[in-house]
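Protein chains get the first letters and strands the later ones, always in sequence-line order, with residue 1 at the start of each.
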Amino acid sequence: MLTTSAVSSYPMVHPLKDVRVGEEITPLAVGDGIYVQDTNGKTYMDGISGLWNISLGYQHPDIRQAIVDQLDAIPYVNPVDQSNPTTLEFAETLLSITPPQLSKVAYTCTGSESVELAIKLIRKYYSLRNQPGKTLIVVMDKSYHGSYYGSMSASGIDQEISESYGPKVPGFHFHPVPVCSHCTPGHISDECLDQKILQLEQLFEQKGSEIAGILLEPIIGSGGIIPLPDRYLHKVQELCRKHDTLLVFDEVATGMGRTGKMFGFEHSGVVPDILCLSKGINSGYLPLGATLFSDSIQQAFASAGSHIEHLSTQNGNPIACAAGIATVKVLQQPGMLESIERKGMQLRLSLEQALGNHSLFLEVRGRGLMVGVALTADKETGACLPPERLAEIVSKLKRRGLIVYPFNTPNLTTGFHLFPPFIIQEHEVEKMVQLIKKVLEGR
Amino acid sequence: MLKLSFGNGVTLAYFEHHPTRLFTASDQLDCRYVRAYFKQQGATAAQYVESNLSNIYDAAEDLIALGNDRIALYITAANFRLCDRLTTVLKELDDSTHIVWFGGYVSVQGKKLLDRIQADGIIQQEPEQVIYALSETEPEEWSDIAGFLGRNEAVGHPDTVETYHSPSVYELDQYEGIWEEAAQARQTPIYTVKCADTLERDNARGGLRIHSPGRFQQDLELAIQAATRTAGSEVTLQIAGFHLLHDRTIRSEILEAMERMKGSTGYQIEVEYEWVVKEGIWQQLLQAGITEIAIRIPLLLTEQQAQEGISLADTLQDSQVPDQRLNVTVTLTDYAASHDLTADSQYTARLLSAWTANKFIDANHVRIEPDQPGREQERVILPEPIRSYLLKYAADEPQPALMNGYIAFMTGHYPGSSTGGCVKHIGYTEGSWNPSSVHRLGEYSGVNSALLFENNQVNREEKNDIVYADQDGVWKQHNELFDELVQTTEQQQYYLSNAHQIVPLEECTYELQMNDFLQIEPMHIRRMDYLKAAQSEPNGDEVGLQFLEITSEEDLELFLNDVDHFSRQGKFKHGFEIQSYIVDSCRWSGAHHCRARELPRMFVDGQDQISACRGCPSIGDMYDSLDSLLTQVSVVSDQEQLLRGCQTCDIRDTCSKCSFLPSYMNRQQYCDLRRKHVMLHRYMQMVQLFKVLRKYTQALHGIGIQDIKVSLPTVTHLWPNHSGVEGAANSLVQDTVFLFYMQDQPMLFHSVSQKILKLNELTSLILEGFMAGADEVELIRYITEKYQVETEYAASAVSQAEAMFAREGCLKKMSAKAG
């Protein structure tokens, strides 16, 4: 056999990237505040907080200390048969910052796993209640919920990719995200929204008896930062109550202060039956997630004397929970959430002001410091930017010292995410905006 | 703990000029020494690294974006001109940026150089400490820093300057090693280990700084570990500064250290001629495990000196260890010390001729030291004896990167990763440019881009016999047009990287002149219409490159006839089909081959109008920004695809969806043609594959066009295929798999893994069956009949072949079955 292919010595694969990618990625060696530095000594502003998780920035002294203290005490406790004061304390902390409807915490390690558990809870809940036909879960067709089998099957975007990993977990209905061709994803008119609400009502009328749950991101994240209108969410809640359906919010991205409130659902006031968390739960320092659920779900299991069939060895790791406690303490400091809202507003307004007239700029979307900059090939029609142009812009931003993450939802929206750490300063927000402006201007 | 932010340190940049004649922003040994010193002091310096450089403004913006207002550029002879222009651009963009130059090449240059450039200063000694001091000191106080020559300073330095340390013999040892850090941080490997340089403060020792043998050995050991871990055993480590070691004892100690560490890694060093002919160092070098030796020969040897070398040639040649790969190169030095170069260089030429004649050296491995420290940059015109030697013995060096670039420009086929935010090739179709718009080229073209002057009317006589070596180490020949281009671009503040001229000679024949490179044999190109090729059957092997153009309906018809013949017979009708490139063949190729929307090439006419493809309508003019041109080209491309209904078209996965059609064809005709000739994309792939095999392997050596057969879903050679054109839709074989026969030997090429497999007849038959959509039952039945074997044997053969094809990723849905 002859071969002309060179064997790469690169030892690992990067998630969601071509398996051949690696050598060209310069490793990051140091992080501090909102900055990271690669092994060549080049400093970048981390505009996406790691992968939306390092919400309080790198080297936060309180989180670091909490980790060290817990490490010195005990690094691991078997979550099945044992417990630990830190793990219990963090569960109490999470319940204390969520509405009383949510009464229990199940720990996970990741956002994907939190969603995985939510799917199990929904189906088991109705099984316990002798409604085995109620298994259908409604999700948005442009949503992303994770890459484990359940969460991947529940994800509306990238289905053409996940399809080839089939068979997937069945029983998901992909409902169109409430955007329309007349409006931009960020601004839907009342009339168009009425249509979307009608569509939703029709769905429940047709399939209400089968629908066990509806799983939503209050702001569609990976799909391009598309906030679901409050009126839409209230209608969802109303329909869930009417049709005995569990409402689940995937707040892996929106939770823990990211939108300027502790949780994204606080903006609309619509409280879910199940809440999925991860990423910023402990500022991303260690793998941790949690699925919070309502008392009625707890009761269903309790009445049947049933356990929840879910376990990962590291669920509720005490060191990860210690980091979580420290994170919540920082988030609860007076003025902290308000500053996220304020800086988010500053970022969005500055972006609009700086980019408003640029031919590629469509709109800025988001809440708090969860921001999407939508770009277009044609301002009139809002057509998506060709992927290669988007990749070029994102790569140039990185070369100029700003790390962002692209979104490309075909036929809907293209652009990039900004999820800066909450500790970003006002002058750094301005610097970020100026850098983006310069790059879009072709400089 | 480090406190990170933008703008709290120094940025280092080194623009490396590769043998491919392309620049990258790379890491570099001396820069690592500086960074290691910063780390020693608890600080950091950033290294600008970019493998895919865009234009010079982009590089400058990148550097500024690193946030440091102090930038240190590492200067070599080859990057001098680029850095000179970059410094000017940096100053234009942000005049608060302080730029200093460093490196052995500029360290000994003084005020005179500073007067010619816009840098704020030159680092003359101890760059590690001086750059650190610059980062810690306000620019107004830089004049107090020993080893730094600022713009407003007198030559030399006051005696009162602070001294950082006491010079010692092994002064380089004061700097911590770079290798452990490099390994820990998994930095890109550097294949150079330093034993000495000339950047010491105490000029009394000629500025020499040396590593102790112990420290050198330690560095060598770590460097070998790093190199073999990342690049395997076939690595040659360059030993920097060895030729500076005039002390024989130290030299011996360094060689002993190398000998102790020798193993699978080779060494490359430079030695002085005198050491070879007078001091008998040769055996010691071989013993130390040296595999590449650059002998530094003064250009002006005396007769006796030359004779000593000539008489040694046989001895040197004979002494080589048989199993040790030894490569000897020559660097000519000290060329400025004569009034009569012609007379004085004759003995050197005699030596080189003798060494070449007895195969001790290869004339293509003779270089001239680009520039001597302390001298202003200028061309080194070769004295006649050396020029004659070169023309007699040297062969043209291939320029693969530039040549591949030219082919991409002609065919429109650009690899996926190549564009990088700038236009790679700008073609002046009418042979000249508008001087008033030249400055606009700077925005479009990158540091490694090329201008191509097509149909150039320049007379060959504008080239003369003057051969010279320029700063980039390439032999060049005086070329008036090229010099004019350089002059114009410099006046217009545009950094010209490459400018090739396509000079018409006679009918269909052109000469491709790359920059002003010395081309010992002119590179002839043949360019003709397809119609003419079909009539004259030109042999593409007779010229450097042969291009066929489809510019009329007649050309197209003949081309499609050949494609049809291929689709029906699995054979090529003419040799020129695989010997030639089709101009703008991207138009006829598979999905994603039309890269026009990324604008990797553009064409400028005499009125400054810009087209994305050859001979197509303009998308803007020279006063449009690159951004607006890119947007325009995307809009046109999207509109075309919308109008043609590409998104829902049956052949969307096999059609390049050409955005800019030629004048002889409308969009309906293009779509009809692509739908009718379903194997067109496959034809283009096969033609390309055979071109690659011809170029890079011996696979097609001695094989005629009649000996080549290709298997297609429409035509198979072992399997009885009756599916015809419709067969394409039934194929169970991935499009990335190519099955062909060379003199009846079946070969499989997989373009994803880049593997070529030799198949036996039975396996090939089975693959052909899958290609034609046959199932296992059909295959087993046919094999049983054809080879008169038991059904079980046939079933086992099919099953094994299927498993192998599935394992190699050759099959479509069937891959799930075998596993």
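Within 6.0 Å of the NZ atom in A/K168, the count of heavy atoms belonging to other residues, nucleotides or ligands exceeds 12. Surrounding CD of A/E441 are more than 12 heavy atoms belonging to other residues, nucleotides or ligands, all under 6.0 Å away. By the neighbour-count criterion of 12 heavy atoms within 6.0 Å, atom CZ of A/F174 is densely surrounded, having more than that number from other residues, nucleotides or ligands. Within a 6.0 Å sphere centred on CD of B/Q41, other residues, nucleotides and ligands contribute more than 12 heavy atoms.
For a residue to count as touching a neighbouring chain, one of its non-hydrogen atoms must lie under 4.5 Å from one of that chain's; by this rule B/L12 does not touch chain A. At a 4.5 Å heavy-atom cutoff, the contact between B/E50 and chain A is made by side-chain atoms alone. The part of B/S634 that comes within reach of chain A is its side chain, from C-beta onward, which places non-hydrogen atoms under 4.5 angstrom from that chain. With a threshold of 4.5 angstrom between heavy atoms, A/V36 approaches chain B through N, CA, C or O but not through any side-chain atom.
For the pair A/K398 and B/D62, the salt-bridge criterion is not met [side-chain N within less than 4.0 Å of a carboxylate O].
For B/Y57, there are no ring-ring contact (aromatic ring centres under 6.0 Å, His included) partners two or more places apart in sequence or in a different chain.
Separating the CD atom in B/Q647 from the CG atom in A/N411 is a distance of 6.0 Å, to the nearest 0.5 Å. A distance of 11.0 Å separates CZ of A/R399 from CG of B/L66, quoted to the nearest 0.5 Å. Distance check, rounded to the nearest 0.5 Å: CG of B/N52 to CD of A/E24 gives 11.0 Å. Summarising the geometry, atom CD belonging to A/E392 is positioned 10.5 Å from atom CG belonging to B/D627; distances are rounded to the nearest 0.5 Å. Taken to the nearest 0.5 Å, the NE2 atom of B/H592 stands 10.5 Å off from the CD atom of A/E388.
When side chains are defined from C-beta on, A/R400 counts as touching B/D58, because their heavy atoms get closer than 4.5 Å.
When all heavy atoms of B/R597 and A/P386 are compared, the closest pair comes out as NH2-CG, 3.0 Å.
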Check the pair B/R35, A/N40 against side chain to side chain contact (heavy atoms under 4.5 Å, CB included), reporting the backbone distance first and the verdict last. CA-CA 9 Å; B/R35 275 154 49 209; A/N40 292 322; 4.1 Å; yes

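Among the residues in residues 159-166 of chain A, none has a non-hydrogen atom closer than 4.5 angstrom to a non-hydrogen atom of chain B. Scanning residues 354-362 of chain A against chain B with a 4.5 Å non-hydrogen threshold yields A/H358, A/L360, sorted by number. The interface of residues 46-54 of chain A with chain B, defined by heavy-atom distances below 4.5 Å, is empty.
When each of B/T631, B/L63, B/L630 is scored by its heavy-atom pairs under 4.5 Å with chain A, the top score falls to B/L630.
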